[in-house]
Trainee: 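The structure that follows is given in the form of structure tokens.
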Amino acid sequence: MRVAVVAGPGRTALLQELAEDGSAYAAPTLVNDLPAAVAEHERAGPEHGGSVRWVWADTSTAYPLLLRAGVRVDRCHDVALIEALLLARGEAPAGAGSMVAQGAPLAQAVAVAPRAAAGRWPDPAPGAPGQATLFGPAEPGIDEARDVLGALVLAHADQLRRIAADTHPARFGLLAAVESAGGLAAAEMSARGMPWRADVHDALLAGLLGPRPGPGLRPPRLAGLATQISAAFGGRAVNPDSPAQLLKAFAIDGVPVPSTRSGVLRGIDHPAVPFLLEYKELARLHAAHGWAWLDEWVRDGRFHPEYVVGGVVSGRWASRGGGALQIPRVVRRAVVADPGWTLVVADAAQLEPRVLAALAGDDAFAEAAGTGDLYQALAGAFGGDRAKAKVALLSAMYGGAGGEASQLLAVLRRRFPLADAYVEAAARAGEEGRVVRSRLGRSCPPPSAEWRDLTASPDEPGADDQRARRSLRARGRFTRNFVVQASAADWALVLLVGLRRRLADLAGSAGSAGLAGTADPAGAGGSFRSGAPVRALDGPGLVFFQHDEVIVHCLRAAAPDVVAAIGDAAQEAGRLLFGATPVRFPVTTAVVDCYADAK
DNA sequence: TTCCGTTGCGCG
DNA sequence: AAAGCGCGCAACGGAA
């Protein structure tokens, strides 16, 4: 059953039951307490022929409010996310061809719906008071909610039609489902938070940088290195944070460098280099994940990053604030399970080349990808050299071919012609300005108008011609990589969503066995959530998702079940994407107390 | 003062 | 012959 939902004044909302084709078969009903109404539907769902799929405008605004009220939902259809997937295919903008007779253009409905769906009931979380009324929309009246609901229902039905009309409706429908479920998983992970020991992090920083300095000051270790660097430049004052000053200082000493990248500096003979390399590494840690980061992002033993589903064109997630997807390896020491709990860290091994093998249907390649170590299996084609096999593969997928790689590429081309042809075709499509798609049908962006202008007249001699060639090649590399990276993202998303479902089943069935558990570090009492404990987030839960890696936080006793669930979800992902294929998608799992011990 | 492009580096 | 893909964030330094 599908139920469209739009928030009204206070905790009220309008709900409308929909048929599977998206058409409304009952009048909207007004509920006084949306979280309670949703919770009731979720409880009643299974006995009434399957759980509800909530149809709403934007999970990232609607769902956190439900989670805060302790309500988890199983399934949804996120109209904003799905509209983005549909529009990316390059169809005419919604409204041009598919405008619904009496309604506003669908694009407008989608644009307005999140505003209303955000809900306006009292928000106990800390925030800027008054901001909502100053800059945000006024609380929606029930009439406005009714209008938005109408638009939402039409938009949703239209999206179902457009999905069904896709070249591969089953795959694209799966993409729509997992994209929406990804939105749910992202909101849950943000709310649940990643276990984070501020004391461990602080000790780690102090060990590397010295005691915490006053605001705006360099930590002792960095200050010392800065002094040594200036001394190495003959006593000139040089700010090591300034590439411009460094370039000048090197030039004055007769050692011109093209840039101050650490890779460049490593090949330079100058007394300042060793200090500089160490300074850069530590300064980076201090600036990106130092004490200021700790103050801002870690509360009550949890790091609460905000994930942006669909934030990357390839379908990977992005993050907003806290650099959640760039946590340096050293800092992972601070990610520690609660007492009695553990972390299950799972990583898809060599995901992208395996995805390529399955995509291309290259038997020889797929056979190699049917083993545990893909690169080792391919090494035979490269004189037994695993490293060479890896370089060749990465070059094929990224479009690189510097130095030795070109010869390795030639070997790859000869031995695995279909895999080579697959990425070459994608590159050609890109150079011709076409759009390519992932396995499940996510489309890459079309070339910009500037790109079309620049590449329109190819054989004009001169500087423009050079630029045109470069742009052409760059887009070829982009689309070449897109088909692999985006299909790998498809796979990872299917894994994530399948795992989320299995973890919920585990929590549901394990309550009496004591495997569910409630994470409540240091007796925090859920104070971050400013209210009652959030039952929706009890039990084994996803706490991290980074492209091809997931982390589950669970009671120790539940770890074996979680490991099994991950394996099942990975197998299911391979099957859903590629059907019968010899390619395996192995996942390495580590059950550890600390994230840093996972690799 | 604020804004923004560049540089550099963390992650996959 | 040479070129590799995708992000977020912080600091700098010149422009506005």
Side-chain angles (χ1 to χ4, degrees), chain A residues 216 218 222 238-248 257-266 276-277 279-290 292-293 296-297 305-308 310-332 347-353 355-356 391-409 423 426-427 430-431 436 438 442 444-445 466 469-489 491-492 544-550 595 599:
Chain A
R218 280 199 179 108
L222 287 181
V238 177
N239 177 4
D241 291 319
S242 167
Q245 290 185 29
L246 286 173
L247 289 180
K248 199 184 294 180
V257 289
S259 86
T260 63
R261 285 186 165 82
S262 47
V264 171
L265 294 185
R266 260 184 268 281
L276 208 38
L277 290 175
Y279 180 92
K280 277 171 168 287
E281 195 177 331
L282 293 176
R284 167 90 198 166
L285 174 66
H286 178 241
H289 287 91
W293 183 92
E296 186 176 354
W297 293 104
E306 191 179 345
Y307 294 98
V308 185
V312 181
V313 289
S314 65
R316 284 182 170 185
W317 292 5
S319 65
R320 194 158 37 216
L325 302 182
Q326 296 96 230
I327 300 168
R329 294 192 167 262
V330 278
V331 175
R332 298 179 182 183
D347 186 302
Q350 305 155 344
L351 178 58
E352 293 193 352
V355 164
L356 173 57
V391 168
L393 262 180
L394 294 179
S395 298
M397 293 188 296
Y398 290 168
E404 191 187 25
S406 57
Q407 294 142 40
L408 299 179
L409 266 179
V423 289
E431 294 192 8
V436 296
S438 73
R442 190 185 305 269
C444 80
Q466 180 95 349
R469 272 184 216 288
R470 236 202 290 278
S471 295
L472 226 52
R473 301 281 177 246
R475 183 165 171 84
R477 288 193 300 277
F478 168 61
T479 50
R480 170 197 297 271
N481 181 249
F482 182 93
V483 293
V484 179
Q485 187 185 112
S487 298
W491 183 91
F544 192 58
F545 175 50
Q546 186 184 33
H547 312 318
D548 62 357
E549 180 179 356
V550 296
Y595 185 18
K599 281 180 193 169

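Order of the sequence lines fixes the chain letters, A, B, ..., with proteins taken first and strands second; residue numbering starts at 1 for each chain. Here the structure is a predicted model, which means the values were calculated and not measured.
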Trainee: Do the side-chain N or O atoms of A/R329 get closer than 4.0 angstrom to the phosphate oxygens (OP1, OP2) of B/dG12?
Mentor: yes
Trainee: Are any of A/R261's side-chain N or O atoms less than 4.0 Å away from OP1 or OP2 of B/dG8?
Mentor: yes
Trainee: Counting only Watson-Crick pairs (N1-N3 plus N6-O4 or O6-N4) and G-U wobbles (N1-O2, O6-N3), all under 3.5 Å, who is the partner of C/dC9?
Mentor: B/dG8
Trainee: Should A/R284 be listed as having a side-chain N or O under 4.0 Å from OP1 or OP2 of B/dG10?
Mentor: no
Trainee: So, A/S319 side chain and A/G323 main chain: donor-acceptor pair closer than 3.5 Å or not?
Mentor: no
Trainee: Taking only side-chain N and O atoms of A/S262, does any of them lie within less than 4.0 angstrom of OP1 or OP2 on B/dG8?
Mentor: no
Trainee: Have a look at A/Q546 and say if it touches a base, only the backbone sugar-phosphate, or nothing, with a 4.0 Å heavy-atom cut-off.
Mentor: sugar-phosphate
Trainee: Under the 3.5 angstrom rule, does the side chain of A/S242 hit a backbone N or O of A/Q245 as a donor-acceptor pair?
Mentor: yes
Trainee: Counting any heavy atom closer than 4.0 Å, what does A/E352 reach on the DNA or RNA strands: base, sugar-phosphate only, or nothing?
Mentor: nothing
Trainee: Does A/E431 form a salt bridge (Lys or Arg N to Asp or Glu O under 4.0 Å) with A/R473? I'd like the steps, not just the answer.
Mentor: CA-CA 7 Å; A/E431 294 192 8; A/R473 301 281 177 246; 3.0 Å; yes
Trainee: If you compare every side-chain N and O of A/K280 against the phosphate oxygens of B/dG8 (OP1, OP2), does one of them come in below 4.0 Å?
Mentor: no
Trainee: Applying a 4.0 Å non-hydrogen cut-off, can you work out what A/R477 is touching in the nucleic acid: base, sugar-phosphate, or nothing?
Mentor: sugar-phosphate
Trainee: Check whether any side-chain N or O of A/N239 sits under 4.0 Å from OP1 or OP2 of C/dC12, and answer yes or no.
Mentor: yes
Trainee: Test your reading of the model: is there a side-chain donor-acceptor pair from A/E352 to the backbone of A/Q485, 3.5 Å cut-off?
Mentor: no
Trainee: Under the 3.5 angstrom rule, does the side chain of A/R316 hit a backbone N or O of A/A489 as a donor-acceptor pair?
Mentor: no
Trainee: When all nucleic acid strands are considered with a 4.0 Å heavy-atom cut-off, which category describes A/S319: base, sugar-phosphate, or nothing?
Mentor: sugar-phosphate
Trainee: Is A/T260 near enough to B/dT7 that one of its side-chain N or O atoms lies under 4.0 angstrom from OP1 or OP2?
Mentor: no
Trainee: Roughly how far apart, to the nearest Å, are B/dC9 and C/dA2 at atom C1'?
Mentor: 24 Å
Trainee: Is a side-chain N or O of A/K280 found less than 3.5 angstrom from the main chain of A/R261, in a donor-acceptor match?
Mentor: no
Trainee: Would you tabulate the nitrogen or oxygen pairs shorter than 3.5 Å linking the protein to nucleotides 3-6 of chain B?
Mentor:
none

Trainee: Is A/Q485 close enough to C/dC7 that one of its side-chain N or O atoms is under 4.0 Å from OP1 or OP2 there?
Mentor: no
